[in-house]
J.: 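Have a look at the structure that comes next, please.
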2 protein chains.
Amino acid sequence: MGRPVAFVDQHPGRGRREPGRAVGLSRPPAPGGSSQLPAPGGSSRPPAPGGAWDGGTDPATDEALRALAEPRRRAILRLVAHQELPAGQIAAAFEVTRTAVSQHLTVLKNAGLLTERRDGTRRLYRARPEGLAGLRQLLDHLWAASLDAARQLVEAERGIVDDEREAAG
Amino acid sequence: MGRPVAFVDQHPGRGRREPGRAVGLSRPPAPGGSSQLPAPGGSSRPPAPGGAWDGGTDPATDEALRALAEPRRRAILRLVAHQELPAGQIAAAFEVTRTAVSQHLTVLKNAGLLTERRDGTRRLYRARPEGLAGLRQLLDHLWAASLDAARQLVEAERGIVDDEREAAG
DNA sequence: GACGAACGTTAGTGAAGACTGACGATGATG
DNA sequence: CATCATCGTCAGTCTTCACTAACGTTCGTC
């Protein structure tokens, strides 16, 4: 069915867990076929209606978002936002096994949200502010754009009301 | 094993999809047993080491984060951030079926990230800036706290270096 | 060297989640 | 009224993901 293709959402089929990758956060199928769809700002094609398209999030931001979608990982990040803590102390704050917490720490680290430092047998973790930069940028962009859309609607309504007044007057 | 319980991570076991809830985003098991753990700011208990604990995210923000963790939902939100669009036009921008896009629209709407308006047979969707407020707040808080932690480490290093100079001098 | 502490990795399990095909609902048109 | 357009819901399938138990690695101590 001849569909308008503003962008190509290639779905190469779901794969198994990638070898060498931690539990959780397998690389998602690039919804847009990311090699085909440059990010906004670097576009070599005119954007789809509405200006933004898939592939608009760099992989680091995607990984950070998916890492934070799990409540325990958010809790971990909150714990180590103020000061670095050893893995054991972080794990003690959770009801799940130390193994599960260790796996979450790995996901956060791989997503660039944590730094790790070794001190003898201990591994000390701390939140990494740079890891949040892409997320903040994404949200700021969405925020600004959605305010813009809301403003357009208000103005459109005002135009309609004014037109109706003119027709009646 | 007598564990220090900074907070209780109750895990009532994963449940089936809740009746009446859309595909995707079943209510996650509250990692902290949220009725037991007030959010920061309203705390009736001293906070865990590091100041933040689980249950620190209100359900709306949790749902928004999980909604945005899926790349296609982010793409949808980008599409409708600048202007409202009908469901069919949104779906035309994706390779997956219209059913899948419809399900994603429902998830975004339930997460408070989209508004819907009907125009005859069409349903028009637009990004909802208020839906992002909690996420922005969460990230701002994490950003500020992690800068604080980085600063503490730098100062601690400076203190160590200074102490070493005093010992050698 | 052995042993213990601190912590990560592997493999398997069960639930959540994203998808599709088929079907249902609502509004507009003739 | 029937028919079409627009779009959502339902049920099933398959993949992803968070968990646990068991095992492995590194560092410090004796």
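Bear in mind that the values here come from a model prediction, so they are computed numbers and not experimental data.
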J.: Side-chain N or O of A:Thr97 less than 4.0 angstrom from OP1 or OP2 on D:dC19?
T.: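 For D:dC19, neither OP1 nor OP2 has a side-chain N or O of A:Thr97 closer than 4.0 Å.
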J.: B:Glu70 has an atom CD; how far is it from atom P of D:dT15, in whole Å?
T.: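 Rounding to the nearest Å, CD of B:Glu70 and P of D:dT15 are 16 Å apart.
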J.: Check whether A:Ser146 reaches the backbone of A:Leu142 with its side chain - one donor and one acceptor, N or O, closer than 3.5 Å.
T.: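 Yes.
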J.: So among A:Thr99, A:Leu105, A:Thr97, which one has a side chain to side chain contact (heavy atoms under 4.5 Å, CB included) with A:Val101?
T.: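 Passing option: A:Leu105.
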J.: Could you work out, with side chain to side chain contact (heavy atoms under 4.5 Å, CB included) as the rule, every residue matching A:Asp148, not counting sequence neighbours?
T.: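 If we apply the side chain to side chain contact (heavy atoms under 4.5 Å, CB included) test to A:Asp148, skipping adjacent residues, the hits are A:Arg151, A:Gln152, B:His82.
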J.: Can you spot which of A:Arg126, A:Arg123, A:Arg128 makes a salt bridge (charged side-chain N to carboxylate O under 4.0 Å, His left out) with A:Glu116?
T.: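 The passing option is A:Arg123.
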J.: Would you mind reading off the distance between B:His104 atom NE2 and D:dG8 atom C1', rounded to a whole angstrom?
T.: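 Distance, rounded to whole Å: 15 Å.
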J.: When you measure from the side chain of A:Asp119 to the backbone of A:Arg122, do you find a donor-acceptor pair of N or O atoms at a distance under 3.5 Å?
T.: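 It does not hold such a pair.
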J.: Whole Å only: how far is the CZ atom of A:Arg118 from the C1' atom of D:dT26?
T.: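 Result: 8 Å.
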J.: Write down the distance between CD (B:Glu84) and C1' (D:dC7), rounded to a whole number of angstrom.
T.: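 Roughly 16 Å, once rounded to whole Å.
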J.: Once you round it to whole Å, what is the distance between P of D:dC19 and CD1 of A:Ile76?
T.: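 The answer, rounded to whole Å, is 9 Å.
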J.: Between C:dG17 atom C1' and B:Asn110 atom CG, what is the distance in whole Å?
T.: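 One finds 15 Å between C1' of C:dG17 and CG of B:Asn110, rounded.
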J.: Can you tell me if B:Arg72 touches the phosphate of C:dC19, counting only side-chain N or O atoms and a distance under 4.0 Å to OP1 or OP2?
T.: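 For B:Arg72, the contact criterion (side-chain N or O under 4.0 Å from OP1 or OP2 of C:dC19) is met.
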J.: I need the CD1-C1' distance between B:Ile90 and D:dG8, as an integer number of Å.
T.: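 Atom-to-atom, B:Ile90 to D:dG8, this comes out as 14 Å.
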J.: Sugar-phosphate means primed atoms, P, OP1 and OP2; the rest is base. With that split, encode nucleotides 3-9 of chain C 5' to 3' as B, S or - using protein heavy atoms under 4.0 Å.
T.: --BSBBB
J.: I need the single residue from A:Arg66, A:Arg72, A:Arg74, A:Arg73 that forms a salt bridge (charged side-chain N to carboxylate O under 4.0 Å, His left out) with A:Glu70. Which is it?
T.: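 Exactly one option meets the salt bridge (charged side-chain N to carboxylate O under 4.0 Å, His left out) with A:Glu70, and it is A:Arg72.
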